[in-house]
Engineer: 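Below is a structure I'd like to ask you about.
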2 protein chains.
Amino acid sequence: MRLLVLDFLLKQQAAVSLNDLEAAFHRADRITLYRTLKTFEEKGLVHSIADGTGSVKYALCEEGCACAPEDLHVHFHCNICNETYCLPKSRIPEIALPENFKTEEISLIMKGTCASCS
Amino acid sequence: MRLLVLDFLLKQQAAVSLNDLEAAFHRADRITLYRTLKTFEEKGLVHSIADGTGSVKYALCEEGCACAPEDLHVHFHCNICNETYCLPKSRIPEIALPENFKTEEISLIMKGTCASCS
DNA sequence: TAAAGAATGCAATGCAGTTGCATGCAAACA
DNA sequence: TGTTTGCATGCAACTGCATTGCATTCTTTA
Ligand SMILES: [Mn+2]
Ligand SMILES: [Mn+2]
Ligand SMILES: [Zn+2]
Ligand SMILES: [Zn+2]
């Protein structure tokens with residue numbers, strides 16, 4: 001199962017939700033797919049994206065990605081096709097914070113129209 | 001009810017969730033509070049913040065805020081006190097996007113330790 | 001081969017958000 | 001002033017996503 005899911009993820013251009021997986025593997029149990037994603041995330045194989053749509057998306061990590069703050073890239077959610085993309089080339093710049101605020105994680109979600117839909 | 005909620009929001013340092021409101025107004029119905037927040041948001045009185053904790057937070061808009069992309073500020077969620085703060089002084093810088101991507105909304109959530117908790 | 005451990009499937013639960021509908025209140029109207 | 005009309009409130013129910021418990025099946029290892 002995990003091999004099949006990994007294979008599926010490798011073919012994707014956009015991040016996938018649990019529902020997407022379920023639709024692609026209608027013979028597999030939803031919970032198994034859920035736990036597969038969780039395992040992948042735990043092992044650092046994928047990262048999760050809360051794009052504000054209500055369902056969390058998952059995408060394979062780039063080679064050498066430690067999912068650390070300095071690896072963080074921008075995510076883009078298209079309001080037309082409803083796909084969520086990793087934009088690894090759009091890095092999140094340094095943000096000035098008030099005194100004594102310490103950052104551990106950053107997430108930057110942009111919404112709009114993607115290249116395919118414009 | 002709306003006046004009471006507005007009054008409550010004016011006193012807050014951090015963004016509030018529906019549950020926070022419910023706790024503060026235990027005599028009011030959860031749905032009424034929900035619809036009050038929705039009305040406020042629709043009228044541009046508050047903006048909502050999806051901080052990734054699973055419950056949406058709401059905070060009063062600044063004077064003159066149009067909730068437009070150029071008004072967008074950073075939100076900070078403290079992992080210790082679990083409060084979510086607006087950081088109106090931390091503006092979101094321009095992000096370089098791939099060609100033909102058009103931005104309509106941006107949300108930048110930082111997580112870590114806030115000034116009170118460090 | 002037998003035992004131990006991990007993966008899978010089914011069922012049930014929790015929780016945030018949302019909607020329908022009936023009722024109550026209060027402003028606008030004649 | 002009495003009536004109508006529109007909006008606010010409260011209750012109930014429902015949705016969708018995420019999560020957990022437990023029994024079963026498969027795989028690895030002694
Ligand atoms: Mn990504
Ligand atoms: Mn804010
Ligand atoms: Zn698109
Ligand atoms: Zn704090």
Side-chain angles (χ1 to χ4, degrees), chain A residues 1-9 12 14-60 67 75 77-79 81-84 105 107 109 111, chain B residues 1-9 12 14-60 67 75 77-79 81-84 105 107 109 111:
Chain A
M1 199 70 248
R2 291 179 184 175
L3 289 176
L4 291 174
V5 172
L6 177 59
D7 204 56
F8 178 78
L9 289 175
Q12 302 307 307
V16 299
S17 66
L18 179 54
N19 278 336
D20 295 335
L21 268 194
E22 211 184 349
F25 297 90
H26 52 277
R27 295 187 48 192
D29 191 72
R30 175 182 183 82
I31 311 300
T32 300
L33 296 170
Y34 168 76
R35 282 194 269 234
T36 299
L37 287 174
K38 281 294 184 187
T39 305
F40 282 2
E41 188 180 19
E42 219 170 89
K43 302 298 180 184
L45 210 57
V46 304
H47 61 279
S48 63
I49 310 159
D51 60 9
T53 60
S55 62
V56 177
K57 307 294 193 312
Y58 296 84
L60 284 175
C67 280
H75 290 113
H77 177 80
C78 174
N79 293 323
C81 62
N82 276 312
E83 300 281 13
T84 298
E105 293 173 62
S107 106
I109 311 281
K111 302 199 179 193
Chain B
M1 199 70 247
R2 291 179 185 176
L3 288 175
L4 291 175
V5 171
L6 177 58
D7 205 55
F8 178 79
L9 289 175
Q12 302 306 307
V16 299
S17 67
L18 179 54
N19 278 335
D20 294 335
L21 268 192
E22 210 183 350
F25 297 90
H26 53 275
R27 295 187 49 193
D29 191 72
R30 173 181 184 82
I31 313 301
T32 301
L33 296 169
Y34 168 75
R35 283 195 268 236
T36 299
L37 286 175
K38 281 293 184 188
T39 306
F40 283 1
E41 188 180 20
E42 219 170 90
K43 302 299 181 185
L45 209 58
V46 304
H47 60 280
S48 62
I49 310 159
D51 60 10
T53 60
S55 61
V56 177
K57 307 293 193 313
Y58 296 85
L60 285 174
C67 280
H75 290 114
H77 177 79
C78 174
N79 292 324
C81 60
N82 275 311
E83 300 280 14
T84 297
E105 293 172 62
S107 104
I109 311 284
K111 301 196 181 195

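Letters A, B, ... mirror the listed sequences (proteins, then strands); counts begin at 1.
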Engineer: Counting only non-hydrogen atoms, which of residues 46-59 of chain B are less than 4.0 Å from DNA chain C?
Structural biologist: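 Nucleic-acid contacts, sorted: B/G54, B/S55, B/V56.
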Engineer: Rounded off to whole Å, could you give me the CG-to-C1' distance for the A/L37 and D/dC17 pair?
Structural biologist: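 Distance check: A/L37 CG to D/dC17 C1' gives 13 Å.
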Engineer: Classify every nucleotide of nucleotides 7-13 of chain D by which part a protein heavy atom approaches to under 4.0 Å, writing B for the base, S for the sugar-phosphate alone and - for neither, in 5'-to-3' order.
Structural biologist: -SBBBB-
Engineer: When you measure from the side-chain N and O atoms of A/N19 to the phosphate of D/dC17, is any distance below 4.0 Å, counting only OP1 and OP2?
Structural biologist: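 Answer yes for this pair, as a side-chain N or O of A/N19 is under 4.0 Å from OP1 or OP2.
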Engineer: With sequence neighbours excluded, tell me which residues meet salt bridge (Lys or Arg N to Asp or Glu O under 4.0 Å) with B/R35.
Structural biologist: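 None.
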Engineer: Tell me the interatomic distance from B/E22, atom CD, to C/dG17, atom C1', rounded to whole angstroms.
Structural biologist: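 To the nearest whole Å, that distance equals 12 Å.
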Engineer: What pairs with A/S17 under side chain to side chain donor-acceptor pair (under 3.5 Å), at least two apart in sequence or on another chain?
Structural biologist: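 A/S17: side chain to side chain donor-acceptor pair (under 3.5 Å) contacts with A/D20.
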Engineer: Enumerate, atom names and distances included, each donor-acceptor pair closer than 3.5 Å involving a side-chain atom of residues 44-54 of chain A, sequence neighbours excluded.
Structural biologist:
unit_1: A/H47; atom_1: ND1; unit_2: A/A59; atom_2: O; d: 3.4
unit_1: A/H47; atom_1: NE2; unit_2: A/H73; atom_2: NE2; d: 3.4
unit_1: A/H47; atom_1: NE2; unit_2: A/H75; atom_2: NE2; d: 3.3
unit_1: A/S48; atom_1: OG; unit_2: A/E41; atom_2: OE2; d: 2.8
unit_1: A/D51; atom_1: OD1; unit_2: A/T53; atom_2: N; d: 3.0
unit_1: A/D51; atom_1: OD1; unit_2: A/T53; atom_2: OG1; d: 2.6
unit_1: A/D51; atom_1: OD2; unit_2: A/K57; atom_2: NZ; d: 2.7
unit_1: A/D51; atom_1: OD2; unit_2: A/T84; atom_2: OG1; d: 2.6
unit_1: A/T53; atom_1: OG1; unit_2: A/S55; atom_2: O; d: 3.4
unit_1: A/T53; atom_1: OG1; unit_2: A/K57; atom_2: NZ; d: 3.0

Engineer: So, OP1 or OP2 of C/dT18: does either fall under 4.0 Å of a side-chain N or O from B/K38?
Structural biologist: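 It does, given that an N or O in the side chain of B/K38 lies less than 4.0 Å from OP1 or OP2 of C/dT18.
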Engineer: OP1, OP2 of C/dT18 versus side-chain N and O of B/Y34: anything below 4.0 Å?
Structural biologist: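 Result: yes.
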Engineer: To the nearest 0.5 angstrom, please state how far the CZ atom of B/R2 sits from the CG atom of B/D7.
Structural biologist: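 The CZ atom of B/R2 sits 15.5 Å away from the CG atom of B/D7.
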Engineer: Rounding to a whole Å, what distance do you find between A/D20:CG and D/dC17:P?
Structural biologist: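 Taking atom P of D/dC17 as the reference, CG of A/D20 is at 10 Å.
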Engineer: The criterion is salt bridge (Lys or Arg N to Asp or Glu O under 4.0 Å); which residues satisfy it with B/R30, sequence neighbours excluded?
Structural biologist: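 Partners of B/R30 by the salt bridge (Lys or Arg N to Asp or Glu O under 4.0 Å) criterion, ordered by chain and then number, come out as B/E22.
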Engineer: Find the distance B/E41:CD to C/dG17:C1' and express it as a whole number of Å.
Structural biologist: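 My rounded result for the distance is 13 Å.
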Engineer: Quick one: CG on B/L9 to CG on B/L21, what's the gap to the nearest 0.5 Å?
Structural biologist: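 Reported value, rounded in 0.5 Å steps: 6.0 Å.
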Engineer: Of all residues at least two apart in sequence or in a different chain, which pass the side chain to side chain contact (heavy atoms under 4.5 Å, CB included) check with A/D29?
Structural biologist: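 A/D29 satisfies side chain to side chain contact (heavy atoms under 4.5 Å, CB included) with A/I31, A/T32 only.
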Engineer: How would you list, by chain and number, every residue that makes a ring-ring contact (aromatic ring centres under 6.0 Å, His included) with B/F25, sequence neighbours excluded?
Structural biologist: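 ring-ring contact (aromatic ring centres under 6.0 Å, His included) list for B/F25, sorted by chain: B/F8.
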